[in-house]
Amino acid sequence: MLQIHNSLTKKKEVFTPIEPGKVKLYVCGMTVYDLCHVGHARVMVVFDVVTRYLRASGYDVTYIRNITDIDDKIIARANENGESIQSLTERFIAEMHQDADAMGVVRPDQEPKATESMADIIAMIETLIEKGFAYAADNGDVYYDVSEFDGYGKLSGRNIEELRSGERVAVNEAKNDPLDFVLWKAAKPEEPAWDSPWGNGRPGWHIECSAMSATCLGEHFDIHGGGQDLQFPHHENEIAQSEGAHGCQSVNYWMHNGFVRIDDEKMSKSLGNFFTVREVLAQYSPEVVRYFILTSHYRSPLNYSDESLEQAKSALTRYYTALRDIEATQDVVWQNDEEFGPRFQEAMDDDFNTALALSVMADVRQALNKAREQSNEQASYFAGLLQSFGDVLGLFQQAAEAFLLGGQDDDESAKVEALIQARNTARAEKDWAKADQVRDELNAMGIVLEDNAGKTTWRKA
RNA sequence: GGCUGCGUGGCAGAGUGGUCAUGCAGCGGACUGCAACUCCGUUAACGCCGGUUCGAUUCCGACCGCAGCCUCCA
């Protein structure tokens with residue numbers, strides 16, 4: 001029975017979908033003005049695995065991940081670059097897709113964009129004004145009146161008094177209350193703007209998600225996810241907006257993933273201590289990055305370091321080594337495996353405990369390696385089982401050879417093969433000095449040899 | 001200052017009131033011409049101080065340390 005830690009109640013709860021057999025999932029996506037960094041990669045991978053596991057568990061999942069394609073940073077960046085906003089956002093949407101695809105992240109069912117949701121956004125603001133939750137200020141902005149919403153603070157565990165005492169925002173004259181947040185921003189000269197009942201302007205960040213989630217999934221849906229930093233104020237404000245406008249609970253389960261850190265500090269754009277996905281993928285295979293992300297529980301902090309990536313690489317190499325040169329039994333269904341299936345399921349059912357699930361897979365790998373010596377059939381079965389588990393976590397999605405040989409071109413491969421041939425000739429003649437010399441040469445090229453059962457295979461170090 | 005959360009062996013990282021995590025690395029052994037791979041075995045941990053308990057790393061409390069949010073952020 002699947003249990004999910006709900007940030008709203010701060011407890012693990014049994015997951016019960018609103019509609020039996022169906023899951024409606026919304027995740028806050030990127031603001032597209034720059035390349036994805038490892039923190040973004042974590043969100044994508046985490047909710048990719050959530051989606052994969054829900055589907056593997058038999059749910060019909062509708063997965064929505066929005067794109068914020070209009071905001072202050074986008075406008076500022078476009079101006080800096082001297083390019084149009086549309087050209088900037090289209091470019092970075094393409095870059096994001098490239099990174100996500102590289103990491104094997106399954107595309108969401110829909111990726112709504114803020115700029116294409118204006119009618120819904122404006123209609124929702126109108127509703128909020130009608131119901132008394134929002135007001136138009138003299139300067140053309142529209143604000144949400146926080147004091148009108150009883151549950152304000154319930155997600156982030158705060159109340160309005162606490163928020164007031166911790167107030168660090170410069171007071172904005174147009175607001176009735178410093179805690180009120182903007183739903184619609186009046187356009188400044190030279191800024192892109194949309195027509196609205198309150199004059200030309202553009203939406204505030206929070207209202208976009210409330211409008212898009214309702215449009216794509218309805219007023220009440222199952223799971224809403226995102227990074228921990230969105231809990232306040234973004235998700236708190238979403239609740240105020242959605243529940244204010246619709247008069248019903250908007251989300252049953254809130255899921256927040258932990259941060260990626262560097263040297264025990266949050267990786268973020270503002271601190272400038274981030275690595276882009278592009279940079280990391282130049283050095284490590286995408287599945288190594290994915291494996292690294294899955295070694296810790298999604299809610300824990302994840303410290304990024306070369307050492308951790310190297311460990312992930314070594315571990316994944318062992319899996320691919322086990323899968324190499326063996327024909328995996330097709331269509332093995334892990335749920336049917338009586339030994340490992342229940343252990344894997346128990347791990348994943350426990351709030352998506354991927355670290356524990358990986359330990360089950362390590363046992364399967366060992367079983368595979370042992371079976372190899374005795375029974376090909378058994379070994380093939382375990383290989384198939386490993387593949388089946390891998391499909392849930394998005395691992396082992398490439399051929400073992402492709403992973404282990406890692407982007408060798410044909411010329412290089414031919415050269416390696418020739419050297420191996422030469423070494424094996426020397427070995428046959430018991431010319432160990434020569435054989436070792438050739439092996440050293442290969443090692444220097446970053447090639448590791450493995451002599452198995454009369455056959456020499458190689459891989460990249 | 002307020003509110004969260006965390007502190008596990010050399011590193012990464014699960015978990016549990018009494019018995020094995022797992023991975024990376026290390027050590028010993030088997031295999032190998034030697035290595036690598038693989039297998040077998042193995043060392044080692046639960047921030048600090050109290051309390052509850054027959055027994056606590058696990059529950060409770062204080063303390064120390066770290067991180068996050070309270071402003072844009074995945």
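In what follows, chains are A, B, ... by sequence order, proteins preceding strands, each numbered from 1.
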Looking for any heavy atom pair under 4.0 Å, which part of the strands does [X] touch: base, sugar-phosphate only, or nothing?
| X | answer |
| --- | --- |
| Ser300(A) | sugar-phosphate |
| Met44(A) | nothing |
| Gly39(A) | base |
| Lys430(A) | nothing |
| Gly258(A) | base |
| Val46(A) | nothing |
| Asp71(A) | nothing |

Would you indicate, yes or no, if [N] has its OP1 or OP2 atom less than 4.0 angstrom from a side-chain nitrogen or oxygen of [X]?
| X | N | value |
| --- | --- | --- |
| Lys266(A) | C69(B) | yes |
| Ser156(A) | G68(B) | no |
| Asn353(A) | G15(B) | yes |

Q. Dot-bracket for RNA chain B, 5' to 3', with Watson-Crick and G-U pairs under 3.5 Å, [ ] for crossing pairs and | for other-strand pairs: what is it?
A. (((((((..(((.....[...))).(((((.......)))))....(.(((..]....))).))))))))....
Rounding to an integer number of Å, can you tell me how far [X] [atom1] sits from [N] [atom2]?
| X | N | atom1 | atom2 | result |
| --- | --- | --- | --- | --- |
| Leu395(A) | G23(B) | CG | P | 16 Å |
| Gln231(A) | A67(B) | CD | P | 20 Å |
| Phe352(A) | A14(B) | CZ | C1' | 17 Å |
| Arg299(A) | G68(B) | CZ | P | 18 Å |
| Arg158(A) | G1(B) | CZ | P | 16 Å |
| Asn6(A) | U4(B) | CG | C1' | 15 Å |
| Glu236(A) | G2(B) | CD | P | 20 Å |
| Leu316(A) | C24(B) | CG | P | 11 Å |

Q: Go through the steps to decide whether Tyr53(A) and Asp349(A) satisfy the test side chain to side chain donor-acceptor pair (under 3.5 Å), and finish with yes or no.
A: CA-CA 9 Å; Tyr53(A) 184 64; Asp349(A) 271 354; 2.7 Å; yes
Whether [X] and [Y] hold their rings parallel, tilted or perpendicular, with breakpoints at 30° and 60°:
| X | Y | value |
| --- | --- | --- |
| Phe340(A) | Phe382(A) | perpendicular |
| Tyr319(A) | Phe396(A) | tilted |
| Phe352(A) | Tyr298(A) | perpendicular |

[atom1] atoms of [N] and [M], separation to the nearest Å:
| N | M | atom1 | value |
| --- | --- | --- | --- |
| A25(B) | U57(B) | C1' | 24 Å |
| U58(B) | U8(B) | C1' | 11 Å |
| G7(B) | G13(B) | P | 11 Å |
| U32(B) | C39(B) | C1' | 13 Å |
| C59(B) | G18(B) | C1' | 15 Å |
| G61(B) | C69(B) | C1' | 26 Å |
| A44(B) | C54(B) | P | 30 Å |
| U42(B) | G65(B) | C1' | 34 Å |

From [options], nucleotide with atom closest to [X] side chain:
| X | options | value |
| --- | --- | --- |
| Lys10(A) | A14(B), G68(B), U4(B) | U4(B) |
| Asp229(A) | A74(B), C3(B), G23(B) | A74(B) |
| Pro233(A) | C24(B), C3(B), U71(B) | U71(B) |
| Phe232(A) | C69(B), A25(B), G23(B) | C69(B) |
| Asp350(A) | A67(B), C69(B), G15(B) | G15(B) |
| Ala362(A) | G13(B), A74(B), G23(B) | G23(B) |

(Q) Against Asp34(A), only a single residue in Lys73(A), Glu95(A), Arg77(A) fulfils side-chain contact (heavy atoms from CB on, under 4.5 Å); can you say which? (A)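 Of Lys73(A), Glu95(A), Arg77(A), side-chain contact (heavy atoms from CB on, under 4.5 Å) with Asp34(A) is met by Arg77(A) alone.
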Q. With a cut-off of under 6.0 Å to the ring centre and 45° to the axis, is Lys269(A) in cation-pi contact with Tyr33(A)?
A.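 Verdict for Tyr33(A): a cation-pi partner in Lys269(A).
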**Q.** Distance-only donor-acceptor test (3.5 Å): side chain Glu307(A), base C11(B)
**A.**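 No, the side chain and the base share no sub-3.5 Å donor-acceptor pair.
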Q) Is there a donor N/O on one and an acceptor N/O on the other, under 3.5 Å, for the side chain of Gln311(A) and the base of G23(B)? A)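 Yes, the side chain and the base share a sub-3.5 Å donor-acceptor pair.
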Q | Donor-acceptor contact present, side-chain Asn6(A) to main-chain Trp254(A), <3.5 Å | A |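 Such a contact is found between Asn6(A) side chain and Trp254(A) backbone.
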Q) Is the number of heavy atoms from other residues, nucleotides or ligands within 6.0 Å of NZ (Lys154(A)) greater than 12? A)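 It does: Lys154(A) NZ has more than 12 such atoms within range.
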Q.
salt bridge (charged side-chain N to carboxylate O under 4.0 Å, His left out), that's the test. Do Asp48(A) and Arg290(A) meet it? Break it down for me.
A. CA-CA 10 Å; Asp48(A) 181 60; Arg290(A) 179 181 273 266; 2.7 Å; yes
Q. Side chain to side chain donor-acceptor pair (under 3.5 Å) between Ser210(A) and Ser242(A): does it pass, once the steps are laid out?
A. CA-CA 6 Å; Ser210(A) 283; Ser242(A) 297; 3.0 Å; yes
Q: Residues of residues 281-298 of chain A with any non-hydrogen atom less than 4.0 angstrom from an atom of RNA chain B: list those, numerically ordered, please.
A: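 Under 4.0 Å from RNA chain B: Thr295(A), Ser296(A), His297(A).
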Q: Could you grab the distance from atom NE2 of His37(A) to atom CG of Asn273(A), nearest 0.5 Å is fine?
A: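 If we round to the nearest 0.5 Å, His37(A):NE2 and Asn273(A):CG are 9.0 Å apart.
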Q.
Please encode protein proximity along nucleotides 32-40 of chain B as a string of B, S and -, counting only heavy-atom distances under 4.0 Å.
A. -BBBBBSSS
Q | Audit row: Asp109(A), Arg65(A), salt bridge (charged side-chain N to carboxylate O under 4.0 Å, His left out) steps and yes/no | A | CA-CA 8 Å; Asp109(A) 295 292; Arg65(A) 190 182 60 213; over 6 Å; no
Q: List the steps, then state whether salt bridge (charged side-chain N to carboxylate O under 4.0 Å, His left out) holds for Arg158(A) with Glu236(A).
A: CA-CA 10 Å; Arg158(A) 295 154 217 261; Glu236(A) 193 68 62; 5.8 Å; no
Q: Mind running side chain to side chain donor-acceptor pair (under 3.5 Å) on Tyr284(A) and Glu310(A) for me, showing each step along the way?
A: CA-CA 9 Å; Tyr284(A) 294 99; Glu310(A) 287 297 335; 2.9 Å; yes
Q | With Arg202(A), the salt bridge (charged side-chain N to carboxylate O under 4.0 Å, His left out) member among Asp71(A), Asp141(A), Asp72(A), Asp69(A) | A |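 Result: among Asp71(A), Asp141(A), Asp72(A), Asp69(A), Asp72(A) is the only option passing the salt bridge (charged side-chain N to carboxylate O under 4.0 Å, His left out) with Arg202(A).
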